[in-house]
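Reading through the structure tokens given below for one structure.
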Amino acid sequence: MKKLINDPLKVADELVEGLVDAYNGECKFVGSRSIVKNDIPDNKVALLVGGGSGHEPIYHGLVGRNLADGAACGDIFAAPPPNIVFEATEAVDKGNGVLYLYGNYAGDVMNFDLGAELSEDEDIDVRTVLIWDDVCSAPPTEKDKRRGIAGLVPIVKLAGAASQTASTLDELEAAAKKAVLCTRSVGVSMSPGSIPATGKPTFDIDEDKIGLGMGIHGEPGVAEIPMTTADELTVQMLDLIVADFEKDEEVETLKEGDEILLFVNSLGATTMMELLIALRKAKAYWTEKGIKIYDVMVGPLVTCQEMSGISFSVTRMDDELKGYWEMPCQSVCFSKMEGRYGG
Amino acid sequence: MKKLINDPLKVADELVEGLVDAYNGECKFVGSRSIVKNDIPDNKVALLVGGGSGHEPIYHGLVGRNLADGAACGDIFAAPPPNIVFEATEAVDKGNGVLYLYGNYAGDVMNFDLGAELSEDEDIDVRTVLIWDDVCSAPPTEKDKRRGIAGLVPIVKLAGAASQTASTLDELEAAAKKAVLCTRSVGVSMSPGSIPATGKPTFDIDEDKIGLGMGIHGEPGVAEIPMTTADELTVQMLDLIVADFEKDEEVETLKEGDEILLFVNSLGATTMMELLIALRKAKAYWTEKGIKIYDVMVGPLVTCQEMSGISFSVTRMDDELKGYWEMPCQSVCFSKMEGRYGG
Amino acid sequence: MGKETLSINETRDMMLAVADKIIESEPILTDADRALGDGDHGVGMERGMNAVKEALANQEFPSVGKVFMGVGMAMMSSMGGASGAIFGTLFRSGGKALGDAETFDGAGVATFFKEGVEGVMKRGGAKPGDKTMVDALAPAADKAGEVADLPVCEALSAVADAAEAGKEASKDMIATMGRAKTLGENSRGKADAGACSVAIIVAAMRDFAA
Amino acid sequence: MGKETLSINETRDMMLAVADKIIESEPILTDADRALGDGDHGVGMERGMNAVKEALANQEFPSVGKVFMGVGMAMMSSMGGASGAIFGTLFRSGGKALGDAETFDGAGVATFFKEGVEGVMKRGGAKPGDKTMVDALAPAADKAGEVADLPVCEALSAVADAAEAGKEASKDMIATMGRAKTLGENSRGKADAGACSVAIIVAAMRDFAA
Ligand SMILES: Nc1ncnc2c1ncn2[C@@H]1O[C@H](COP(=O)(O)OP(=O)(O)O)[C@@H](O)[C@H]1O
Ligand SMILES: Nc1ncnc2c1ncn2[C@@H]1O[C@H](COP(=O)(O)OP(=O)(O)O)[C@@H](O)[C@H]1O
Ligand SMILES: [Mg+2]
Ligand SMILES: [Mg+2]
Ligand SMILES: [Mg+2]
Ligand SMILES: [Mg+2]
């Protein structure tokens with residue numbers, strides 16, 4: 001693996017510096033390794049995201065207009081330490097509290113919780129909503145064991161919009177929880193990414209196998225299946241999402257007439273060509289079920305270096321979420337004009 | 001290489017179908033393999049892009065709001081045949097002519113020229129502006145031999161905005177020519193992509209070498225250099241851009257106080273992490289020269305399957321181009337809100 | 001005994017035989033392009049010739065020229081890329097020059113190749129010596145001019161020899177156009193893929209008329 | 001003759017010795033985590049302990065507890081990830097429980113490990129048997145409770161043996177937490193990386209006090 005880097009031990013610091021440069025004055029570097037918007041209005045209920053680096057453009061690429069106010073950035077594939085969470089919290093807080101919205105990984109939960117304790121010591125009101133969209137990581141009765149994967153992009157987009165109008169932390173928390181509850185993802189992986197510091201692959205998988213339901217670092221899913229066609233795999237993956245809405249007693253089954261936001265993500269090496277071919281099948285799949293695609297996102301937004309793999313995320317939309325969606329937004333991760341495609 | 005596809009000989013058709021699905025009603029599939037917007041206003045001066053498939057999200061991902069009106073899509077890495085160019089031309093023409101804006105490759109020029117002949121036979125007014133931003137493919141005195149690489153994204157963005165207000169084909173042609181003249185790129189590659197139909201790599205390069213100035217399919221550049229750091233490589237690449245502005249008698253030398261649009265592109269496998277690290281150095285480079293970064297684009301927009309490599313594109317901005325830039329736009333390739341970062 | 005002239009339908013059947021021959025030769029063309037180019041010339045020509053078969057089979061044409069123009073159109077629109085334009089132009093330009101002739105004779109062979117190579121050079125800008133299909137096509141056209149008075153079978157036989165010789169001569173050239181120019185001096189020693197196609201096409205025409 | 005109690009500065013120097021020992025053991029920890037995890041535990045602990053050295057060297061502390069809390073804070077903020085939080089919590093919780101004591105004795109050892117392991121289990125949710133560092137830490141804490149009346153040198157010696165035995169026992173366990181749970185039955189046979197760290201830390205404490 002030829003990587004264009006300088007010092008393998010400094011990649012996380014340097015990439016966050018570069019990210020701040022990409023924002024060209026709209027964001028600043030804060031504390032040890034956080035990125036925070038410059039123009040957060042007084043009294044805004046703040047939205048903070050974060051997690052390990054190396055998955056660019058997430059998580060820190062989700063800071064932006066009508067998106068997150070800041071991000072606490074960890075080292076490669078490692079949760080940000082509590083002081084970084086605290087420094088980011090202090091910087092985004094405008095007196096009306098801070099919502100932490102991040103993927104459910106043990107390391108992240110421990111460090112964000114510690115960061116929350118430090119922040120509360122400074123009288124900052126902090127609330128946490130965990131993202132656990134990966135339906136293959138635990139059954140619907142054990143959602144607290146589920147991982148956060150690509151669904152965090154639409155969820156943060158929706159919460160970012162909600163944070164523009166929310167007048168209390170309670171309100172923003174409720175909106176974010178709704179976005180989480182309505183979003184489900186399934187991912188697969190076909191080959192590993194590598195850790196810049198060691199150059200070593202993050203996991204092993206046979207040349208002719210696909211890890212169905214595998215997480216974004218190679219965590220196990222529901223099965224290892226033989227390499228197959230884009231169309232067959234798409235159906236298998238979407239069936240798992242449909243089944244989860246069915247089995248989960250907290251949400252209604254997906255049914256004819258429902259509207260969904262569809263996100264097709266690449267884990268890195270899987271090309272846009274492949275995403276679009278899979279998207280084509282997904283469109284046919286939902287159309288056949290009478291489920292309407294409200295809007296579409298596609299691209300390599302949640303990655304793990306040069307890992308190959310794809311995920312589908314589905315968010316069931318209602319009027320509240322549609323309102324959040326239609327707001328324009330702008331970031332290195334995801335930008336859009338007002339409205340939606342075909343709308 | 002595990003690729004998520006169905007039939008290797010149908011990837012181009014299927015991916016354009018998927019692209020149309022991604023636009024969710026905003027665009028339609030036209031003729032043999034074109035994508036065209038549904039709502040092109042009567043009398044709009046139309047903008048048509050196109051080229052070989054396999055470089056997703058370009059070229060066809062540049063169709064969208066305030067961007068191109070349509071794209072003629074070739075097979076993988078092959079120019080679209082004349083009938084596809086003609087079908088796209090007929091579909092985007094609203095009675096006020098069509099500007100062809102595409103990368104300067106022999107196959108594309110031949111086929112678009114043939115398509116133009118077919119279109120003119122049907123009394124459609126067609127004009128062509130070639131994109132030749134790759135400064136490493138020929139000296140400034142032989143620009144007609146230069147290739148089009150990643151610079152085509154900002155160029156099409158600017159021309160797409162210009163096409164919203166242009167009242168004649170002449171006007172749009174002039175704006176596009178200006179965008180081309182102001183845009184220069186340098187790319188490198190470190191490892192090849194593969195052709196889906198054969199699974200074969202598109203070129204060979206030593207494990208410890210970088211192809212400096214290499215084109216997006218592996219066409220030769222100015223030198224093969226040893227693998228180096230992101231910072232050193234960034235300086236070498238930007239020096240080539242600066243030198244080109246200097247040597248080219250058609251444009252002024254880049255000087256203190258100038259404002260540039262900076263685009264850092266990945267050819268596919270090179271990660272956002274690496275792009276951001278290089279961007280960090282690029283920002284320092286331009287700042288030291290007193291050249292102001294007007295706005296920034298970063299991401300894998302001009303790719304060649306899982307090829308690894310990076311390119312920098314620089315567009316010198318003036319008031320006219322700034323006006324075009326600040327317009328919002330929306331497509332699978334590149335979206336933005338009104339304005340600019342830090343603006 | 002070879003044919004004096006070809007009728008419209010015979011011309012069509014000749015091109016169907018050419019198509020089969022090219023399809024059969026796909027591995028040869030693939031290997032040639034893999035050595036010097038990107039390896040897709042074989043599948044490209046195969047796709048083009050399958051389209052030719054679809055466009056020609058059981059079709060009636062008003063003139064010999066229209067048969068060739070149909071071949072050109074089918075190749076151009078199914079192949080795409082540089083070679084679709086180049087080979088499409090060869091057959092379209094050559095066919096167009098034949099006007100509404102209802103037979104294909106030695107003079108027709110001369111006209112077809114002369115206008116064909118001119119169209120190709122105008123379209124693609126390649127000159128003889130650039131190591132492209134022009135290096136098989138140009139000598140073929142020159143020879144066709146010399147043998148315009150012969151029966152079509154004899155004319156095509158002479159032209160096929162010239163194309164074959166041109167293809168062989170391309171081995172010694174250094175590529176200056178297209179992908180192979182990457183290789184510079186290393187492109188020497190192997191024949192150009194498009195020149196191989198031209199030699200195979202003309203040989204199949206000769207075999208049909210013989 | 002081993003030490004009866006440790007002063008604040010001796011406690012600080014003991015932790016500097018621990019830091020050196022962990023840095024020296026980086027390859028062992030890397031190998032352990034490579035076998036069962038993602039291979040970064042060695043460099044993570046090394047980074048943490050370098051931060052500890054920076055935080056402690058030539059510093060004066062008002063209490064023994066503050067020394068340990070400084071260690072915890074340095075690890076927590078430099079390491080990140082699960083293990084930064086876990087090891088940081090061990091030293092912060094253990095140190096906090098020592099109040100403003102100015103010497104570290106057998107009772108202090110007992111308090112430190114008891115509160116330390118409780119903090120870790122509360123923070124990370126791991127129980128003994130999950131094949132984590134808790135499997136070295138919990139037996140260490142139990143033993144520390146039993147030997148609270150002994151001089152610090154003897155107490156730490158007994159606790160180090162217990163940590164070592166706990167680490168060894170972790171070899172037979174199946175991972176249920178963290179990355180290694182991927183391996184299921186295959187995680188048997190190797191010791192947990194974090195448990196190795198605990199054993200090394202306590203052994204270095206013993207060696208200093210001896
Ligand atoms: N400008 C040109 N003029 C004449 N022939 C050309 C030209 N460019 C390419 N060719 C021919 O096309 C052949 C390559 O065809 P093919 O492999 O199908 O297309 P590509 O080069 O796009 O992969 C070359 O071997 C050469 O004979
Ligand atoms: N929830 C937890 N409770 C206790 N110890 C844990 C927990 N999670 C991880 N560990 C410990 O951390 C060690 C791994 O540390 P390290 O490799 O540095 O972190 P990571 O697992 O994030 O790569 C494991 O060997 C285990 O002992
Ligand atoms: Mg070729
Ligand atoms: Mg080709
Ligand atoms: Mg580890
Ligand atoms: Mg780790």
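Computation of the quantities below employed the complete heavy-atom set of this structure, encompassing side-chain atoms and omitting hydrogens, waters and symmetry-equivalent molecules. Convention: sequence-line order gives letters A, B, ...; per-chain numbering from 1.
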Close side-chain approach of A:Lys322 to A:Glu259, heavy-atom, < 4.5 Å = yes
Highest number of heavy-atom pairs under 4.5 Å with chain B among A:Ser335, A:Gly64, A:Gly339 belongs to A:Ser335
Criterion ring pair (Phe, Tyr, Trp, His ring centres under 6.0 Å) against A:Trp325, the qualifying member of A:Tyr341, A:Phe334, A:Phe263 = A:Phe334
So B:Phe77 and B:His55, would you call those rings parallel, tilted or perpendicular, with 30° and 60° as cut-offs?
-> tilted
Is it the backbone or the side chain of B:Ser53 that comes under 4.5 Å from a heavy atom of chain A, or both, or neither?
-> neither
Other residues, nucleotides, ligands: >12 heavy atoms within 6.0 Å of B:Asn38 CG = yes
For the residue pair A:Pro226 and A:Ile210, what are the closest heavy atoms and their distance?
-> O-CD1, 4.2 Å
With a cut-off of under 6.0 Å to the ring centre and 45° to the axis, is A:Lys292 in cation-pi contact with A:Tyr294?
-> no
Measure distances from A:Thr234 to the heavy atoms of chain B and classify the residue's part below 4.5 Å as side chain, backbone, both or neither.
-> neither
Does anything in residues 301-308 of chain A get under 4.5 Å of chain B by heavy atoms, and if so which residues?
-> A:Gln305, A:Glu306
Spell out, as yes or no, whether a donor-acceptor pair under 3.5 Å connects the side chain of B:Lys209 to the backbone of B:Glu224.
-> no
Option that, when pairs with chain A are counted at under 4.5 Å, heavy atom only, ranks first among B:Cys329, B:Pro300, B:Gly309, B:Ala22 = B:Ala22
Count the heavy-atom pairs under 4.5 Å between each of A:Leu15, A:Leu4, A:Val296, A:Thr271 and chain B, then report the option with the highest count.
-> A:Leu4
Provide the closest heavy-atom pair for B:Gln236 versus B:Leu212 in the form atom of the first, atom of the second, distance.
-> OE1-CD2, 3.7 Å
Cut-off 4.5 Å, heavy atoms of chain A, and the answer for B:Glu207 is both
Under 4.5 Å from any heavy atom of chain B - which part of A:Ile310 = side chain
When only pairs under 4.5 Å are counted, which of B:Glu17, B:Lys336, B:Arg340, B:Lys3 shares the most heavy-atom pairs with chain A?
-> B:Lys3
Residue, of A:Met272, A:Lys10, A:Glu14, that accumulates the most heavy atom pairs under 4.5 Å with chain B = A:Glu14
Among B:Asp295, B:Ile277, B:Leu279, which has the most heavy-atom pairs under 4.5 Å with chain A?
-> B:Ile277
Within-4.5 Å side-chain heavy-atom neighbours: B:Thr315 and B:Lys157 | no
Taking C-beta and beyond as the side chain, do A:Val36 and A:Asp69 meet within less than 4.5 Å on heavy atoms?
-> no
Heavy-atom closest contact (A:Val63 atom, A:Cys27 atom, distance) = CG1-SG, 3.8 Å
Side chain, backbone, both or neither of B:Leu275 within contact of chain A (heavy atoms, under 4.5 Å) = neither
Tightest non-hydrogen contact, residues B:Ser266 and B:Thr270, listed as OG-O, 2.7 Å
For A:Asp208, is it the side chain, the backbone, both, or neither that has a heavy atom closer than 4.5 Å to a heavy atom of chain B?
-> backbone
Max heavy-atom pair count under 4.5 Å with chain B, selected residue of A:Asp13, A:Leu19, A:Asn24 = A:Asn24
Looking at A:Ala161 and A:Tyr324, what are the two nearest heavy atoms and their distance?
-> CB-O, 3.2 Å
Among A:Glu26, A:Met227, A:Met273, residue most engaged with chain B (heavy-atom pairs, under 4.5 Å) = A:Met273
Shortest non-hydrogen contact between B:Ser189 and B:Phe203, atoms and distance | OG-CZ, 3.3 Å
Which answer fits A:Leu262, side chain, backbone, both or neither, if we ask what part of it has an atom under 4.5 Å from a heavy atom of chain B?
-> neither
Pick one of side chain, backbone, both or neither for A:Ile293, based on which atoms fall under 4.5 Å of a heavy atom in chain B.
-> both
